A.B. asks: 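Sharing a structure below in structure tokens format, with a few things to ask.
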Amino acid sequence: MMLRRTFVGIVSAAALTLGLGGAVSAQETMKVGLILPMTGPFASTGRQIEAAAKLYMQQNGDTVAGKKIQLIVKDDTGVADVTKRLAQELIVNDKVGVIAGFGLTPLALATAPLATQAKVPAVVMAAATSTITEASPFIVRTSGTLPQNAMPMAEWASQNGIKKVVTLVSDYGPGIDAEKAFSGAFTKAGGQVENLRVPLQNPDFSPFLQKVADAKPDALFVFVPSGVGAQFMKQFVERGLDKGGIKLIATGDVTDDDILNGMGDVALGTITTHYYSAAHDSPENKAFVDAFKKANNGMRPNFMAVGGYDGMHLIYEGLKKTNGAGGQALVDAMKGMSWTSPRGPITIDPQTRDIIQNVYVRKVERVNGELYNVEFATIEDVKDPVKAAKSN
Ligand code: PHB
């Protein structure tokens, strides 16, 4: 009783000194500006990340280190100029302490200078070109990088009798990263590669698929951003490539959990490498998938959702470490942080602010009537290989 009274006394004295105890002031709120493509061709990314961020807050409350967390969601429609304008408004008018989201590489790159100028941490939850973390010292990433996923695919292919590959990637940052990482590792292992690039906007895959049919490689390696895989798969079937004996290999972006089950049997047997599958066998993931589906009318979380969920965790845990301070202190607190994500163990690399994570080799299989990326091999603690090579 004595102890308790003393403790209460100290707390209220501290509260008085700090001027707390009254109505919640603006200072006690930490606003997080979540900028996402909520409409347009990449709307599934926005829908998944928003749902995951809200789930995290539902499960963990909206107060951290004495700060009330307020999430402000803005739709950039996937257009870089809009992302940049929204970030500016959020920073200047709403005085957000963190900006987050970034559904595509150009959106993250356009906004990076604002994070630097304003000293506002920017949590990249989706975009995956290697260089993004180098565009601002205030960027921290919870998604992953294309080289991180594509290099293990090249290694698996060369170890599994595949000698000749055609790569087909969306013609922008992450696609070029995927092409280079895959081709570099695959040719180093003695393989032969031909590279094709398809426009990002309104892609028509058929002329490229005709070239693939003519080249008759052992395998076709594909990267398209989350959400576009269904369109690719449809044209793959229409061109008859599913029957041509050309093996389909890809990064997990193509067989993204949001659209995989709608692809049908054509997707069966596709081998991909990636950091997240909704079928990942761990108690943390089972709890995450169940809660996410329950809160979202049965929608299955994809890797974008996990990037959003972990991004919120990073913000929450960072604020606990800084006692609610933002800016440079918050970025510093995020560096080196480790935890068990639904995807498995992850760490924010203290040198690069990028993510270190397991990459899994998976095969599309039917499980309880639904298509899933079933993991069958793990490459542990993979750093972004592009930045790792630079630091050597
Ligand atoms: C990106 O634009 O960086 C991006 C988008 C979707 C993906 C991967 C990368 O699935």
Side-chain angles (χ1 to χ4, degrees), residues 35-38 40-49 52 76-80 82-84 100-112 122-136 139-151 153 167-182 197-201 203 221-233 250-260 263 270 272-278 301-308 310-311 343 354-355 357 359 362 373 384 386-387:
I35 315 172
L36 294 166
M38 299 304 301
F42 304 102
S44 68
T45 295
R47 185 175 71 233
Q48 287 270 348
I49 294 179
D76 64 15
T77 71
V79 175
V82 181
T83 318
K84 193 176 172 184
F102 308 104
L104 297 159
T105 289
L107 318 184
L109 291 178
T111 312
V123 179
V124 174
M125 297 168 161
T129 299
S130 171
T131 54
I132 288 173
T133 45
E134 295 167 322
S136 168
I139 287 180
V140 184
R141 176 151 48 193
T142 57
S143 48
T145 80
L146 261 302
Q148 198 174 37
N149 289 317
M151 269 179 71
M153 190 71 255
T167 67
L168 177 58
V169 302
S170 296
D171 191 5
Y172 78 122
I176 293 161
D177 260 10
E179 177 193 288
K180 287 192 173 151
F182 182 92
R197 295 178 185 177
V198 55
L200 172 64
Q201 299 296 342
F221 168 81
V222 182
F223 164 80
V224 292
S226 181
V228 182
Q231 238 166 295
F232 164 78
M233 208 57 102
T251 61
D253 307 82
V254 178
T255 57
D256 141 21
D257 272 295
D258 194 70
I259 53 176
L260 174 59
M263 287 179 180
T270 304
T272 59
T273 42
H274 212 251
Y275 56 81
Y276 181 68
S277 165
N302 69 2
F303 61 93
M304 294 300 186
V306 170
D310 286 333
R343 70 185 100 177
D354 219 327
I355 188 168
Q357 58 190 339
V359 174
R362 312 96 53 85
N373 297 294
D384 171 48
V386 176
K387 285 188 286 286

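A quick note: this is a predicted structure, and the numbers were derived from the prediction, not measured. Note that ligands are numbered from 1 as they come in the structure, with each ligand's atoms numbered from 1 the same way.
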A.B. asks: Any chance you could lay out the side-chain contact (heavy atoms from CB on, under 4.5 Å) test for D253 and L146, step after step, and finish with the verdict?
C.D. replies: CA-CA 9 Å; D253 307 82; L146 261 302; 4.0 Å; yes
A.B. asks: Below 3.5 angstrom, do we get any N/O pair linking L146 and ligand 1?
C.D. replies: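 N/O-N/O distance under 3.5 Å: no.
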A.B. asks: List every atom of ligand 1 that sits less than 4.0 Å from any heavy atom of D253, numbering the atoms from 1 in the order shown and giving each element.
C.D. replies: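 Those of ligand 1 that fall under 4.0 Å from D253 are 7 (C), 8 (C), 10 (O).
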A.B. asks: According to side-chain hydrogen bond (donor to acceptor under 3.5 Å, both in side chains), who are the partners of D256, at least two apart in sequence or on a separate chain?
C.D. replies: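 With neighbours one apart ignored, the set is S226, N302.
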A.B. asks: Considering only heavy atoms, does F42 approach ligand 1 within less than 4.0 Å through its side chain, its backbone, both, or neither?
C.D. replies: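 Neither part.
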A.B. asks: Nearest heavy-atom pair of P147 and S130: which atoms, and what distance?
C.D. replies: CG-CB, 4.3 Å
A.B. asks: Could you tell me which atoms of ligand 1, counted from 1 in the order shown, lie closer than 4.0 angstrom to a heavy atom of P225?
C.D. replies: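 Answer, ordered by atom number: 5 (C), 6 (C), 7 (C), 10 (O).
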A.B. asks: Scan side-chain atoms only and decide if D177 and T129 contain a donor-acceptor pair under the 3.5 Å cut-off.
C.D. replies: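 No, T129 and D177 have no side-chain donor paired with an acceptor closer than 3.5 Å.
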A.B. asks: Answer yes if the side chains of D76 and T83 hold a donor-acceptor pair under 3.5 Å, and no otherwise.
C.D. replies: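 D76 vs T83: donor-acceptor pair found between side chains.
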A.B. asks: Within the 3.5 Å criterion, strictly below it, is a donor on D384 or T145 matched to an acceptor on the partner's side chain?
C.D. replies: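 Result is yes, a qualifying pair exists.
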A.B. asks: Given that the side chain starts at C-beta and the backbone is N, CA, C, O, which of these parts of P174 lies under 4.0 Å from ligand 1, counting heavy atoms, or is it both or neither?
C.D. replies: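 The part of P174 near ligand 1 is the side chain, not the backbone.
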A.B. asks: Just so I know, are the side chains of V228 and P203 near enough to count as touching, which here means a heavy-atom distance under 4.5 Å?
C.D. replies: yes
A.B. asks: Using a heavy-atom cut-off of under 4.0 Å, does the side chain or the backbone of F102 touch ligand 1, or both, or neither?
C.D. replies: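 The answer is neither.
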A.B. asks: Which ligand 1 atoms does S226 reach within 4.0 Å, using its non-hydrogen atoms?
C.D. replies: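 Reading through ligand 1 atom by atom, the close ones are 6 (C), 7 (C), 10 (O).
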A.B. asks: Under 4.0 Å from any heavy atom of F303, which atoms of ligand 1 are there?
C.D. replies: 10 (O)
A.B. asks: Heavy-atom contacts with A127 under 4.0 Å: which atoms of ligand 1 show up? List them by number with element.
C.D. replies: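 Answer for ligand 1: 1 (C), 3 (O).
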